[in-house]
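See below for the structure under consideration.
Because only heavy atoms are used, hydrogens play no part in the values below, and waters and symmetry mates are left out as well, while side chains stay in. What you see is a predicted model, and the numbers here were worked out from it, not measured in a lab.
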Amino acid sequence: MPNRLPLRKFTSPPWSEQEPTWRDAKPALIEAALKRATARPSGNWFVVGASRDVVRGKPFGRTVAGREVVLWRGPGDELKAGPGACPHLGAPLRDGAVAGGELVCRWHGLALGGERFGGWSPFPAHDDGVLVWVRLDEVGGEEPLPEPVLPARPREGALDAVATLVGRCEPEDVIANRLDPWHGAWFHPYSFANLRVLETPTEDRDRFLVEVTFRVAGRFGVPVTAEFTCPEPRTIVMRIVSGEGEGSVVETHATPLDRGRTAVVEATIAQSDRRGFALVRGLAPAVRPAMRWAAARLWRDDLAYAERRYALRSKGAFPG
C-alpha cells in the first residue's frame with residue numbers, strides 16, 4: 001500500500017550554489033544520442049494533435065511539413081485524413097463541414113469520403129486513443145509502416161492530457177532539448193530540485209536515467225527516478241520507473257509545420273495505485289487544464305532553448 005501522501009520535504013541549495021552541470025552535459029554525448037534517435041524509423045507517421053481535437057461533425061486542420069492536412073470523423077467515428085485543399089478549386093477543407101461521415105466543402109458542396117477523388121487522395125490516419133497521427137509517405141521518404149511506433153503506456157484507467165505549443169525551430173532541436181537532462185534544475189528551478197543523472201546513453205542501453213524531485217510547494221516535492229528514451233526520430237518519452245506514479249509517461253512529439261516552425265505535442269499519461277486517483281480521474285475535465293498548464297509552463301522555457309539552438313545552427317554558430 002502506498003504511503004498516505006506522496007509529498008516529501010526536501011533540502012536543496014540556493015539556485016546559484018547548485019553544483020554546476022556543464023561538465024557533465026557533454027555536447028558530443030548529446031549529439032550522439034540525437035543521431036541515434038533521428039536514425040530510427042518512423043514509418044512516415046507524424047503526430048497531428050490530441051484525439052480530442054478531432055470531434056464528430058467538425059473537421060480539424062493542421063499544416064504538417066508544409067502540407068495542408070485535414071482530419072475528421074467518418075462513420076462509426078473512424079478517423080479520416082486527407083489533403084487540406086479541395087480538389088475542385090482549392091478551398092480550405094478545414095473550414096468545411098462533416099455530414100454523414102463525409103467531409104463537405106463549403107464553397108460548392110463537394111463531398112469527400114475515404115476514397116480518391118481526382119488528384120485528391122486520402123492519407124492513412126491512426127487514432128491511438130490519446131493522439132492522432134497521419135502518414136505522409138512523400139514527406140517521410142521511409143518504408144511505410146502500417147501504424148506509428150508507439151511507446152508502452154500505462155494500463156487502462158490512466159489520466160491523460162495533451163498540450164500543444166509552437167516554436168521557431170526544427171524537430172531535432174526539440175529532441176535535443178530533452179536529451180539534455182542536466183539543464184533541468186538550472187533552467188527550471190520552479191519545477192525541479194536535486195536533479196542527478198544516474199545513467200547516460202550508450203549503444204547497448206540507449207537511455208538517460210535521472211533522479212529528480214518534482215517541486216510542488218515550497219520545500220515539498222515528489223522524488224522519482226525517470227528514464228528518457230526515443231522510440232522514433234520525433235518522439236522522446238519520459239517514464240517514471242520508481243517513485244510516485246510509477247509507469248506514468250510524458251510523451252514529447254515534435255511535428256514539423258513548415259520551414260523553421262515545429263509543433264511540440266506533449267501527452268502526459270498518468271497512473272497511480274492510490275485510492276484517491278479514481279477520484280482524480282472522475283474530475284478529469286477539471287484536472288486536464290492544470291496538467292496542460294504545467295506542461296506549457298515548462299515548454300515556454302524549453303522552446304526558448306530549442307529556438308536558440310536552431311538560430312545558432314542556422315548561422316553555423318552552434319558550439320555543439
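Side chain of Gln18 to main chain of Trp15: a donor-acceptor pair is present (N/O by atom type, distance under 3.5 Å, no hydrogens or angles). Distance alone, capped at 3.5 Å, is enough to place a donor-acceptor pair between the Asn194 side chain and the Thr11 backbone. Within the 3.5 Å criterion, the main-chain N or O of Gly101 finds no donor-acceptor partner in the side chain of Arg56. Side-chain N or O atoms of Thr262 include one that pairs as donor or acceptor with a backbone N or O of Cys169 at under 3.5 Å. A donor-acceptor distance shorter than 3.5 angstrom exists from the side chain of Ser248 to the backbone of Gln271, with no hydrogens or angles considered. With Arg288 contributing its side chain and Leu159 its backbone, the two residues share no donor-acceptor pair below 3.5 Å.
Checked by atom type, the side-chain pair Ser51/Asp127 shows a donor-acceptor distance below 3.5 Å. For Arg219 and Ser12, the side-chain atoms include at least one donor-acceptor pair closer than 3.5 Å.
In this view, Asp53 and Ala50, Phe60 satisfy the side chain to side chain contact (heavy atoms under 4.5 Å, CB included) rule, not counting sequence neighbours. Under the side chain to side chain contact (heavy atoms under 4.5 Å, CB included) criterion, Val166 pairs with Leu257, Arg261, Ala263, sequence neighbours left out.
The pair Glu31-Arg309 meets the salt-bridge criterion, with a side-chain N (NZ, NE, NH1 or NH2) lying under 4.0 Å from an Asp/Glu carboxylate O. A salt bridge between Arg153 and Glu251 is present, with a side-chain N of the basic residue lying under 4.0 Å from a carboxylate O of the acidic one. Residues Glu307 and Arg168 are not paired through a salt bridge, judged by the lack of any N-O separation under 4.0 Å between the basic side chain and the carboxylate. Salt bridge status for Asp24 with Arg196: absent, with no side-chain N to carboxylate O gap under 4.0 Å. With salt bridges taken as basic N to acidic carboxylate O contacts below 4.0 Å, none links Asp206 and Lys35. The residues Arg106 and Asp95 are annotated as not salt-bridged, no charged nitrogen and carboxylate oxygen being separated by less than 4.0 angstrom.
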Name every donor-acceptor pair, under 3.5 Å, that has one atom in a side chain of residues 297-304 and the other anywhere in the protein, sequence neighbours excluded.
| from | atom 1 | to | atom 2 | distance (Å) |
| --- | --- | --- | --- | --- |
| Trp299 | NE1 | Glu266 | OE1 | 2.7 |
| Asp301 | OD2 | Tyr190 | OH | 2.7 |
| Asp302 | OD1 | Asn177 | ND2 | 3.1 |
| Asp302 | OD1 | His183 | NE2 | 3.1 |
| Asp302 | OD1 | His188 | NE2 | 2.8 |
| Asp302 | OD2 | Arg178 | NH1 | 2.6 |
| Asp302 | OD2 | His188 | NE2 | 3.4 |

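Here the side chains of Phe208 and Ile236 are not in contact, with every heavy-atom distance at 4.5 Å or above. Residues Phe228 and Val197 are not in side-chain contact: their nearest non-hydrogen atoms beyond the backbone lie 4.5 Å or more apart.
Scanning both residues, Phe277 and Gly157, for their nearest heavy atoms gives CE2-O, 3.7 Å. Nearest heavy-atom pair, Cys230 versus Ile175, reported as atom, atom and distance to 0.1 Å: SG-CG2, 4.1 Å.
Under the 30°/60° scheme for interplanar angles, the aromatic rings of Phe187 and Tyr305 are found to be tilted.
Following chains of ILVMFWY side-chain contacts shorter than 4.5 Å, one can reach Val210 starting from Val224, so the two form part of one hydrophobic cluster. Neither Val69 nor Val104 shares a network with the other; the hydrophobic side chains, linked directly or stepwise wherever heavy atoms of I, L, V, M, F, W or Y lie under 4.5 Å apart, form separate groups for each.
Annotation: Phe220 is not in aromatic contact with Phe10 [ring centroid separation under 6.0 Å not met].
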